[in-house]
2 protein chains.
Amino acid sequence: MARNQKAKETRDAGASIALLWGEQDQPTRGPKPSLTPARIAQAAVALADAEGLDAVSMNKVAATFDVSAMALYRYVPGKGELVDLMIESILAGRPDLSVAGEDWRAQVTEWARQCLRVYQGHSWLLAATAMRRQAMGPQQLGWLDAALAALEPTGLTAAQRHHVFLLVVGLVRNLAQQSLDFDAERDREWNRLTGELLERHADRFPALTKALADGGFVPDTDPLAFGVDCILDGVQALIDRSGATSS
Amino acid sequence: MARNQKAKETRDAGASIALLWGEQDQPTRGPKPSLTPARIAQAAVALADAEGLDAVSMNKVAATFDVSAMALYRYVPGKGELVDLMIESILAGRPDLSVAGEDWRAQVTEWARQCLRVYQGHSWLLAATAMRRQAMGPQQLGWLDAALAALEPTGLTAAQRHHVFLLVVGLVRNLAQQSLDFDAERDREWNRLTGELLERHADRFPALTKALADGGFVPDTDPLAFGVDCILDGVQALIDRSGATSS
DNA sequence: TTCAATTGCTGATGCAGTAAACAGTTTAGG
DNA sequence: CCTAAACTGTTTACTGCATCAGCAATTGAA
């Protein structure tokens, strides 16, 4: 029970992974393929960037190549795998943290900033990663590796570094979500109406009401820097503590 | 452009919100309605709990009441709004933080623990909240209010408290995601295969490889406590700093 | 040259959400 | 009391989706 996502994940796992890693022997006989998984993924990304994730259907993607929908299935097992490829596609290139110097805090901050940039540049990424299971391809692993590398000087255990990584990713995703909601003007109406309701039920939400009165949720500082600093101050405290313990 | 989610969110926003808040004047004339939005939402939740979010279709939900799919549209504008109701339904009841005493750290920790319990009890919640825009109903606002209230003793600004809230939610959601991936046995195969690939390309992922060798990502402590402590240590540092500034 | 492998196509299937029109039920207002 | 309006649930139908099955054309290996 609790078969959370798509129930039909029974398709050959090996094939999907080989696809993600680009490790499939191409055929010798037969007509030359006119497409590649990568090109298909690129087209899908362009479509999603322009019209949102819902606009990405096998038909529409195929249409950009003047090809029938079923042709895509010669390159990609199904739509889910296509989404995986899309994700890998926009994560291409491991983040470059060298601009942040040697300081691990600066490096983690830079990592978060670049990650956020990706999310903001592709508004569908949030939905896409939530839709699919945690199926990490090489590019995604590259980002993970970069973050863990930045955290190595902290001296934390692998598990601890992983937790910190999760904290930072969570922050980035939340900020991305937030900035998506923010400039969606059709949500203004919604916020206005909810605001009215909130006033009417102010007694049920005392802290929230007070917070709104206090200037509300308009960020006064760079939210990313704030969040990362908060996390990393916590990490620093952890380092100090374990250092004190071990000495 | 970048019309992230469903393109057809043009349906009357006022009606959806009235539905969420239960603020709709019920009719006098006509046959007595045999259903209520709340009962429909409950049935949908049961379905999602048992068979996953994908199993929640208007048809299946309607079938549990021996009613045609279209009958549901007399109570709910569309599927999106139904999902919103499902979310509100399982968040019913504001979290009770009194067991944690007066300490704000303990209260925030307790909030996170209860929140995580909800996510883990309803494996579809992650996907559902990611699918929908940030459309908070009263129950969701209640959780937000409780968190903000717990953070009031910190003396942080409203915006800062909101950021901390986002950090904690991000943490909880990541942990939920993680524990979902963990006990999904059909992902074992996937992890095994990816592990092999990773070994073969160890040079591309030095930090990751080393981390795996170091005992990997098996959590050695309570991940929730670790994350919350990390965040709250950061908050404490922030408090100390601003206290020093103002004095 | 022959044949097996491979590509891309057409057509069909099943399920999803939902719009429209309709038939039956209840109550407010004359 | 009676009619008209409001309301409920149904049937039918439309659109779009992912995907399966089978076919025709192409191409390298034998």
Side-chain angles (χ1 to χ4, degrees), chain A residues 5-12 15-16 24-37 39-40 43-44 47-48 51-86 127-128 131-132, chain B residues 5-12 15-16 24-37 39-40 43-44 47-48 51-86 127-128 131-132:
Chain A
Q5 329 265 26
K6 302 281 175 192
K8 47 190 73 156
E9 294 296 351
T10 33
R11 245 190 324 241
D12 184 14
S16 307
Q24 39 192 355
D25 30 34
Q26 54 254 44
T28 57
R29 283 186 259 202
K32 299 286 178 219
S34 68
L35 302 175
T36 64
R39 289 219 313 153
I40 294 174
L47 232 170
E51 302 179 48
L53 190 56
D54 291 335
V56 178
S57 72
M58 299 307 259
N59 255 307
K60 292 227 193 79
V61 174
T64 68
F65 295 110
D66 284 316
V67 142
S68 82
M70 289 311 292
L72 300 187
Y73 286 87
R74 298 283 178 198
Y75 302 91
V76 169
K79 176 152 185 191
E81 286 81 357
L82 174 56
V83 174
D84 287 342
L85 282 181
M86 290 172 65
M131 195 169 66
R132 293 292 289 168
Chain B
Q5 330 265 29
K6 302 281 174 195
K8 48 191 70 158
E9 295 296 350
T10 34
R11 247 188 325 240
D12 186 13
S16 306
Q24 36 192 358
D25 28 34
Q26 54 253 47
T28 57
R29 283 185 257 203
K32 298 286 176 222
S34 69
L35 302 175
T36 63
R39 288 218 314 153
I40 296 174
L47 232 171
E51 302 181 46
L53 189 55
D54 290 336
V56 177
S57 73
M58 299 307 259
N59 255 307
K60 292 226 192 78
V61 174
T64 67
F65 296 109
D66 283 315
V67 139
S68 80
M70 291 310 293
L72 300 188
Y73 286 86
R74 298 284 177 200
Y75 302 91
V76 168
K79 174 151 185 194
E81 287 80 357
L82 174 56
V83 174
D84 286 342
L85 282 180
M86 290 171 66
M131 196 168 67
R132 295 288 292 167

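A quick note: this is a predicted structure, and the numbers were derived from the prediction, not measured. Note that these values count all heavy atoms, side chains included, but never hydrogens, waters or copies made by symmetry. Quick note on labels: first sequence line is chain A, next is B, and so on, each numbered from 1.
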On DNA chain C, compare the nucleotides closest to Arg74(B) and Arg29(B); which residue's is nearer the 5' end? Arg74(B)

Going through the checks in order, is the side chain to side chain contact (heavy atoms under 4.5 Å, CB included) test met by Tyr73(B) and Ser68(B)? CA-CA 10 Å; Tyr73(B) 286 86; Ser68(B) 80; over 6 Å; no

Between Pro37(B) and Glu81(B), is there a side-chain heavy-atom distance shorter than 4.5 Å? no

Nearest 0.5 Å please: distance from the OG1 atom of Thr64(A) over to the CD1 atom of Ile40(A). 9.0 Å

Measure CD/Gln26(A) against C1'/dA29(D) and give the value in whole Å, please. 17 Å

Provide, to the nearest angstrom, the distance between the NZ atom belonging to Lys79(A) and the P atom belonging to dC17(D). 8 Å

Separation of atom NZ in Lys32(B) from atom P in dG9(D), rounded to whole Å: 12 Å

When every non-hydrogen atom of Arg39(A) is compared with those of Leu35(A), the smallest separation belongs to NH2-CD2, 3.5 Å

Once you round it to whole Å, what is the distance between P of dA16(C) and CG of Asp54(A)? 17 Å

Measuring to OP1 and OP2 of dC17(D), would you say a side-chain N or O of Lys60(A) lies under 4.0 angstrom away? yes

Check whether Lys60(A) reaches the backbone of Ala44(A) with its side chain - one donor and one acceptor, N or O, closer than 3.5 Å. no

Whole angstroms only, please: what is the CD1-P distance between Ile40(A) and dA18(D)? 14 Å

Please give, in whole Å, the distance from dG8(C) P to Arg39(A) CZ? 11 Å

With respect to the phosphate group of dG9(D), does any side-chain polar atom (N or O) of Ser34(B) fall under 4.0 Å of OP1 or OP2? yes

Could you check which residues of residues 66-73 of chain A get a heavy atom under 4.0 Å from DNA chain D? Sort them by number, please. Met70(A), Tyr73(A)

How many Å lie between CD on Glu81(A) and P on dA18(D), as a whole number? 13 Å

Rounded to whole Å, the CG-P distance (Leu53(A) to dG16(D)) equals 18 Å

Which part of the nucleic acid does Tyr75(A) contact within heavy-atom distance under 4.0 Å: base, sugar-phosphate only, or nothing? sugar-phosphate

So do Val61(A) and Leu72(A) actually touch side chain to side chain, heavy atoms under 4.5 Å? yes

After noting the C-alpha distance and the side-chain angles of Val56(A) and Glu51(A), does the key distance pass the side chain to side chain contact (heavy atoms under 4.5 Å, CB included) rule? CA-CA 8 Å; Val56(A) 178; Glu51(A) 302 179 48; over 6 Å; no

Thr28(B) side chain N/O closer than 4.0 Å to the phosphate oxygens (OP1, OP2) of dT27(C)? no

